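Everything on this sheet refers to the single structure shown next.
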Amino acid sequence: MEFSEQEFKHVHYAWDDAVAAKLDEVDQLVYRSNILGADQRVTNTGGGNTSSKIMMTDPLTGAEVEVLWVKGSGGDLRTSKRDNFASLYMEKLNRLRTIYEATPDNGVKTPIEDAMVGKYPHTVYNLNPRATSIDTPLHAFIPHKIVDHTHPNAVIAIAAAKDGKELTPEIFGDEMGWVDWQRPGFDLGLVMGAMAQAEPHLKGLVMGGHGLINWAADNKSCYDLSLALIEKAARYIASRDKGDQTFGGQKYAPLADEAKEALLVQVLPKLRGLVSQQRKFIGTIQSDATILEFVNSHHAARLAELGTSCPDHFLRTKIKPLYVDWNPQTEAVDALLAKLEAGLAQYRQDYAAYYAACKHADSPAMRDPNPTVILIPGVGMIAWGKNKSESRVTAEFYNCAIAVMRGAEAISEYVALPKQEAFDIEYWLLEEAKLRRMPADKEFARNVVVVIGAGSGIGKAVAHRLAKEGAHVVCADLSAASAQATADELTGKYGIGIGVAGTGISACGPAIGLGVDVTNRASIQAMFKQVLLAYGGIDNVVITAGIFISPDSTGHIPDDRWDITFAVNVKGAYLVADEARTIWEAQQLPGSLVITTSVNGMVAKKGSVAYDTSKAAANHLVRELAIELAPLVRVNGVAPATVVAGSAMFPRDRVISSLTKYNIAYSEDGDTESLRNQLAEFYAQRTLTKLPILPEDQAEAAYLLLSNAFSKTTGQIVSVDGGLIEAFLR
Ligand SMILES: [Zn+2]
């Protein structure tokens with residue numbers, strides 16, 4: 001090995017002989033892939049692929065045959081398991097080559113090139129169902145056993161430098177060749193295979209405008225080589241780094257954290273509304289030193305306009321980001337908002353012009369023309385995606401693009417891919433087919449739902465119900481710890497996603513937990529601020545927070561307990577709605593609000609006068625808010641009855657006092673949950689359906705009222721009470 005383990009400064013060397021020795025050849029491929037993917041400097045999330053040509057036994061003939069194991073479509077090197085790899089007969093792959101070469105009109109971007117993709121299923125070994133990737137021929141036709149293809153920022157910097165071809169021998173000596181940019185596919189595989197064949201001294205190629213490919217005879221040698229090549233490239237770049245003068249030096253200073261957050265809170269809802277006019281997006285904020293150095297620089301505007309280079313990058317970041325030329329030191333937020341609006345309009349026009357200029361007769365229709373990356377001096381980057389994970393990947397890829405530009409500008413001059421080449425990737429029919437194969441978005445996939453009271457009972461059930469529909473769920477509760485516990489449950493269930501970018505709370509997954517006191521407007525504002533920084537906006541709010549005060553021994557509720565009852569159950573819901581309203585109005589996107597009231601608001605009875613009157617007021621609050629927030633936001637109420645199971649509003653003493661009130665015999669030693677079940681069963685017998693009411697029943701109603709199923713219903717209260725005649729509305 002060229003470098004000893006300790007000598008690697010720009011990548012993390014992770015090969016462990018003891019681990020590898022225990023693995024078969026396929027698992028060694030998986031191991032090699034995982035440790036390559038674990039280092040962001042080696043490859044980006046989802047980027048690159050690896051392969052091994054392995055002798056295996058044919059299941060039918062029993063003969064030893066050569067099988068290409070290669071990372072399949074989708075997935076990620078860091079997290080890939082054995083079943084993420086396709087397995088294909090080499091002999092049959094070579095037959096495809098014969099067919100391709102016998103076709104008169106062959107070459108890059110010809111119909112036969114794309115048609116080869118449809119033939120891969122005929123080459124599958126052992127019925128392996130993993131779909132093959134477009135990059136399969138890059139591995140199949142390199143005449144070496146082990147191949148790594150990665151997207152290291154340091155090598156892409158060379159690949160995207162104006163004189164990258166001349167720099168390649170200077171940096172790597174004669175063991176590395178150069179292949180000009182060509183859209184990945186069957187033809188590129190043959191071109192690179194022929195180079196490797198013709199020049200047996202080559203260990204790999206720098207792929208112009210794209211990345212790195214290299215090969216070896218065994219797994220460890222190939223891993224060592226990949227890391228050594230990246231280390232060499234990174235050292236060469238570091239020795240020429242421009243330091244303070246990177247990107248022409250700093251033009252603006254970053255804003256202080258507090259000012260930056262205050263600005264983002266004002267900008268984000270409006271911005272989300274503007275980029276979400278066709279389809280809603282979820283945001284990720286990146287505001288670390290690396291991104292700030294770029295956005296604050298003299299050359300940011302010029303470089304941003306050039307766009308990104310590696311095809312993997314710009315499929316997410318789009319052809320270019322929107323850079324807003326705003327001076328954080330002298331201009332106010334209004335000027336920024338005006339420039340964002342004008343910038344977005346211009347961006348959409350540019351995008352339509354790019355589409356019109358580059359499209360072919362059979363190109364798919366133009367996609368959403370809004371930028372997915374927005375750069376603001378003093379502040380950083382706001383990236384957008386169809387969900388949190390995707391927006392974090394988008395942010396990550398623009399981070400990569402910045403590293404590439406920094407490297408390329410240090411050693412030469414950065415050149416982006418020609419627009420037509422970018423278009424032919426972005427609107428490639430094979431990419432379109434891949435998009436069409438993706439499962440449809442879940443109903444709440446592009447939504448951010450804030451559930452107040454998510455720490456227990458109905459709120460917790462609502463959080464779970466909406467997460468199941470793909471929602472990003474903000475779990476808020478007076479108890480920050482219980483809110484976090486619910487958020488952790490959701491993240492544990494649905495995963496944090498594949499992206500790795502995001503600063504502070506914006507580096508979150510599909511759920512966050514926050515503390516909030518609904519009786520305190522400042523506390524509500526602080527909560528929404530975190531929501532905006534995490535996701536960029538809100539779509540739906542569910543308020544299940546409530547308080548029930550039992551009367552004292554004289555049957556009275558102390559005066560101050562009246563106040564707290566109304567402060568939580570009525571004014572609290574109003575304050576949350578009022579603060580959400582500011583965001584909804586700035587976004588100008590449709591939203592919905594559900595408030596949990598109670599059938600007690602309709603049924604008068606002894607022993608709960610403060611609670612019952614507060615819930616009657618909450619019912620009317622639903623109607624008032626429906627009028628206030630129309631037409632943008634629908635407001636409805638769910639009126640539960642006697643949800644006892646898991647409810648924070650039914651502590652042991654309330655359960656016992658209710659059992660006593662109804663003359664139900666109970667055991668003093670019974671655990672709280674069994675006493676609750678006893679009470680729930682008693683309540684069930686009073687209803688028409690005779691069924692106990694669960695938090696999940698309330699959650700189902702809240703979900704339906706929020707959803708488009710009830711898109712034409714607002715200002716209504718739905719009782720979920722098992723059928724309680726006294727609570728029938730009239
Ligand atoms: Zn690639």
Side-chain angles (χ1 to χ4, degrees), residues 29 32-33 36-37 39-51 68 70-78 80 84-86 108-109 113-114 117 131-142 146-160 164 168 176-193 195-196 204-215 222 225-226 229-230 233 307-317 393-394 396-401 403-404 407-408 416-418 421-422 424-426 428 430-431 434 498:
L29 164 64
R32 183 178 108 233
S33 309
L36 284 169
D39 188 340
Q40 293 301 302
R41 296 162 297 185
V42 171
T43 208
N44 54 290
T45 294
N49 28 62
T50 45
S51 69
L68 173 73
V70 58
K71 203 203 91 177
S73 188
D76 175 63
L77 287 182
R78 180 174 71 225
S80 277
N84 288 94
F85 289 81
V108 65
K109 299 183 192 171
E113 193 193 25
D114 282 3
V117 172
T132 50
S133 112
I134 289 166
D135 283 352
T136 299
L138 276 54
H139 294 265
F141 302 127
I142 299 282
I146 310 285
V147 180
D148 284 346
H149 165 53
T150 51
H151 297 160
N153 295 335
V155 179
I156 305 176
I158 298 162
T168 296
M176 287 294 286
W178 168 276
V179 58
D180 284 334
W181 160 260
Q182 179 176 326
R183 189 172 77 179
F186 208 83
D187 205 76
L188 181 60
L190 293 179
V191 167
M192 296 198 305
M195 289 176 78
L205 298 166
V206 174
M207 299 166 69
H210 184 157
L212 174 65
I213 191 162
N214 52 270
W215 47 79
C222 198
L225 176 63
S226 293
L229 293 168
I230 299 165
T308 50
S309 185
C310 179
D312 237 36
H313 295 178
F314 69 69
L315 278 172
R316 292 279 203 336
T317 63
V393 174
T394 302
E396 176 193 335
F397 286 9
Y398 204 74
N399 282 334
C400 293
V404 166
L417 276 187
E421 289 298 322
D424 290 345
I425 294 270
E426 189 178 354
W428 192 355
L430 295 178
E431 283 293 339
K434 210 162 129 186
I498 58 168

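Everything quoted here is computed from the prediction, not taken from an experiment. In each ligand, atom 1 is the first atom listed, and ligand 1 is the first ligand listed.
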Under 3.5 Å, is there a donor on one side chain and an acceptor on the other for Ser33 and Ser80?
no
Using 4.0 Å as the upper bound for N to carboxylate O, is an ion pair formed by Arg32 and Asp148?
yes
Glu113 side chain to Phe186 main-chain N or O, any donor-acceptor pair under 3.5 Å?
yes
Under 3.5 Å, side chain of Arg183 to main-chain N/O of Asp424, donor-acceptor pair present?
yes
Parallel, tilted or perpendicular: rings of His151 and His313 (30°, 60°)
perpendicular
Which distance, rounded to the nearest 0.5 Å, do you find between the NE2 of His149 and the CG of Asp135?
5.0 Å
Report the protein N/O/S neighbours of the Zn ion (ligand 1) that fall below 2.8 Å; do not count waters.
His149 NE2, His151 NE2, His210 NE2
